[in-house]
Participant: 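First the structure, which I've put down as structure tokens, then a few questions once you've had a look.
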Amino acid sequence: MARDLIGCLLVVDHPDGRAALRLVETEAYRGALDPGSHGYRGPRPRNQSMFGPPGRLYVYLSYGVHFCANVVCGPEGVSEAVLLRAGEPVAGVDAIRARRGIESDRLLASGPGRLTQALGITREHDGASLLRGGSMWCARDELTQRFQETGISQTKRIGLGAGRGDELPWRFVVAGHPFASRTR
DNA sequence: CAGAAGATCTGC
DNA sequence: CAGATCTTCTGC
């Protein structure tokens, strides 16, 4: 699923206009099977939405500072999710730039915290549905298939400590894409 | 119950 | 490279 989301559009209708990113970097987190997942040790107040039905957002506060957004993928009770790590702005760039408060194009949504800030996603969007009828959704367009075929690299996930599944190749990124996050 | 670490980013 | 500062886990 994390791979399938590469090249998809993430669209958010915000009061100040619609913005969209083309996803270029994601990571898979596999719940109870994955010591790197927030769902590994079962439901908690913070991660409730991970255990809910699929097609919703799980948004959490990272390091007490930045929000990170996941798409919940597993059936109810199974906390599988895909962390959205980076995207290229394709619509609403002015609104995105205003929210980010920077000039550089490349840094607008290249990193999980930057991506949520770019789209105006906060903890209030935790549990929000990406299915029909909501104010945010995922979509494919004519370019999505190209991105899927252009070359998707698979690497270790970023920022995990040793023994937390840090060797697993569950990060997906469009090879060499300038809007991907830095690999540190 | 206190301390530490964590799916990060910015500015010094 | 330190700091910001929320949530969860571990050890005493």
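Chain naming here is simple, since letters A, B, ... match the order of the sequence lines and numbering starts at 1 in each.
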Participant: So, is Arg41(A) close to the dT10(C) phosphate, meaning a side-chain N or O under 4.0 Å from OP1 or OP2?
Facilitator: yes
Participant: Counting the atoms with a prime plus P, OP1 and OP2 as sugar-phosphate, which does Arg100(A) contact under 4.0 Å by heavy atoms, base, sugar-phosphate, or nothing?
Facilitator: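 Arg100(A): backbone/sugar contact only, no base atoms under 4.0 Å.
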Participant: For the side chain to side chain contact (heavy atoms under 4.5 Å, CB included) test, which of Asp4(A), Val72(A), Leu23(A), Leu5(A) pairs with Val82(A)?
Facilitator: Leu5(A)
Participant: If you compare all heavy atoms of Ala69(A) against all heavy atoms of Leu83(A), which two are closest, and at what distance to 0.1 Å?
Facilitator: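 For Ala69(A) and Leu83(A), the tightest heavy-atom pair comes out as O-CD1, 3.5 Å.
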Participant: Is there a residue in residues 53-85 of chain A whose heavy atoms reach under 4.0 Å of DNA chain C, and which residues are they?
Facilitator: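 Leu61(A), Tyr63(A), Gly64(A), Val65(A) - these, ordered by number, are the residues of the stretch whose heavy atoms sit under 4.0 Å from the strand.
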Participant: Please check this pair: side chain of Arg22(A) against backbone of Gly7(A), looking for a donor-acceptor N/O pair closer than 3.5 Å.
Facilitator: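 Answer holds: yes.
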Participant: Check this one for me: any side-chain N or O of Arg164(A) less than 4.0 Å away from OP1 or OP2 of dA7(B)?
Facilitator: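 For dA7(B), OP1/OP2 do have a side-chain N/O of Arg164(A) under 4.0 Å.
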Participant: What is the distance, rounded to the nearest whole Å, between atom CG of Leu107(A) and atom C1' of dC9(B)?
Facilitator: 10 Å
Participant: My validator wants the stems of DNA chain C: runs of 3 or more consecutive Watson-Crick or G-U pairs, both distances under 3.5 Å, written as range with range.
Facilitator: B:1-6 with C:6-11, B:8-11 with C:1-4
Participant: Would Asp126(A) and Arg56(A) pass as an ion pair if we require N to O under 4.0 Å?
Facilitator: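 Answer for the salt bridge query: no.
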Participant: Compare the minimum distances between each of dT8(C), dC9(B), dG6(B) and the side chain of Pro112(A), then state the nucleotide with the smallest one.
Facilitator: dC9(B)
Participant: Indicate the atoms forming the closest heavy-atom contact of Arg157(A) with Ala28(A), along with that distance.
Facilitator: NH1-O, 2.9 Å
Participant: Which whole-number value in Å describes the distance from Leu160(A) CG to dA5(B) C1'?
Facilitator: 13 Å
Participant: CZ of Arg123(A) versus P of dC6(C): gap in Å, rounded?
Facilitator: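 Computing the Arg123(A):CZ to dC6(C):P distance gives 13 Å.
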Participant: On a heavy-atom basis, which atom in Arg146(A) and which in Glu142(A) lie closest, and how many Å separate them?
Facilitator: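 Closest pair (atom of Arg146(A), atom of Glu142(A), distance): CG-O, 4.3 Å.
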Participant: Is the backbone of Gly36(A) close enough, under 3.5 Å, to the side chain of Asp34(A) for a donor and an acceptor to pair up by distance?
Facilitator: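 At least one qualifying donor-acceptor pair exists.
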Participant: Are Gln117(A) and Arg100(A) linked by a side-chain donor-acceptor pair shorter than 3.5 Å?
Facilitator: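 Arg100(A) and Gln117(A) do have a side-chain donor-acceptor pair below 3.5 Å.
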Participant: How would you label the contact of Arg44(A) with the nucleic acid (heavy atoms, under 4.0 Å): base, sugar-phosphate, or nothing?
Facilitator: sugar-phosphate
Participant: Would you name the heavy atoms of Val174(A) and Phe147(A) that are closest together and state the gap between them?
Facilitator: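 Where Val174(A) meets Phe147(A) most closely, the heavy atoms are CG2-CD2, 3.8 Å.
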Participant: Taking any heavy-atom pair under 4.0 Å as a contact, classify Gly111(A): base, sugar-phosphate, or nothing.
Facilitator: sugar-phosphate
Participant: Rounded to whole angstrom units, what separation is found between the CG atom of Leu108(A) and the C1' atom of dC9(B)?
Facilitator: 14 Å
Participant: What is the distance, rounded to the nearest whole Å, between atom CZ of Arg157(A) and atom P of dA7(B)?
Facilitator: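 After rounding, the reported distance stands at 9 Å.
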Participant: Nearest to the side chain of Pro45(A), heavy atoms from C-beta on, is which of dC9(C), dA7(B), dT8(C)?
Facilitator: dT8(C)
